[in-house]
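Below: one structure, written as structure tokens.
Remember, predicted model here, so these are calculated numbers, not experimental data.
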Amino acid sequence: MQRPRILTVVMWFAGIYAVGAILGVAAMTAGFGEPTMGGIPVSRNLWLRVAAPLLGIVALLMGLTSAGLHRHRAWARRPFMCIWPLIAFYGLGWGLAGAIPWSLAMRAVIDAILFGALTGWILFRHQPSIEYFEALKSRQN
């Protein structure tokens, strides 16, 4: 079955993001660039302690999503949907711990809710996506 165009966009976005995030963390670890979180300059140590682990996990989930969509796997949408609650709880946790400004923590929560709702609609409510994933499920059974 032909993958819907919107899922092809998600597949490429996720794959490019995964590679870029890993390269970005490696560059920051090597001392290149100015560390910022949400546009706010921070120390390299804080960035590596707070942002780098999240970027690594998100890169892994994005890579799984891209690979799953590329291979026409029905499970591919679930790793992508795990990203948004992870970002929300991660931001909330670091905000409560006082490691990041509360405004940045709330921004993480709001962005995660908005993007999570959008991607949830694309992956679970958009009619071509529903038909595509149903066809994949029936093909695997």
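Counting only heavy atoms from C-beta outward, the side chains of Val109 and Phe89 never approach each other to under 4.5 Å. Under the 4.5 Å side-chain criterion, counting only non-hydrogen atoms from C-beta, Lys137 is in contact with Glu134. With a 4.5 Å cut-off on side-chain heavy atoms, Leu7 and Phe133 count as touching. Contact check for Trp94 versus Arg49: side-chain heavy atoms found under the 4.5 Å cut-off.
Using a 30° and 60° split on the angle between ring planes, Phe115 and Trp84 fall in the parallel class, below 30°.
Checked by atom type and distance alone, the side chain of Arg44 pairs as donor or acceptor with a backbone atom of Gly33 at under 3.5 Å. Not one N or O on the side chain of Thr65 forms a donor-acceptor pair closer than 3.5 Å with the backbone of Ala14. For Ser66 (side chain) and Met62 (main-chain N/O), no donor-acceptor pair under 3.5 Å exists by modelled atom type.
In terms of heavy-atom proximity, Ala76 sits nearest to Gly68 at CB-C, 3.5 Å.
We find the CD1-CG distance between Ile87 and Leu92 to be 13.5 Å, quoted to the nearest 0.5 Å. Here Leu60 contributes atom CG and Leu55 contributes atom CG; the two are 12.5 Å apart, rounded to the nearest 0.5 Å. Between the OG1 atom of Thr8 and the CD atom of Gln2 there is a distance of 7.0 Å, given to the nearest 0.5 Å. One finds the CD1 atom of Ile6 at 7.5 Å from the OG atom of Ser129 (value rounded to the nearest 0.5 Å). Distance check, rounded to the nearest 0.5 Å: CH2 of Trp47 to CD1 of Ile40 gives 15.0 Å. Interatomic distance, Leu61 CG to Tyr17 OH, rounded to the nearest 0.5 Å: 10.5 Å.
Tracing side-chain contacts under 4.5 Å through hydrophobic residues (I, L, V, M, F, W, Y), one never reaches Leu23 starting from Leu48; they form parts of separate clusters. By the rule that hydrophobic residues join a cluster once side-chain heavy atoms approach within less than 4.5 Å of another member, Ile16 and Val9 end up as members of separate clusters. If you chain together hydrophobic residues whose side chains sit under 4.5 Å apart, Ile100 and Met28 fall into the same group.
Annotation: Glu34, atom CD; neighbour count of heavy atoms from other residues, nucleotides and ligands within 6.0 Å does not exceed 12.
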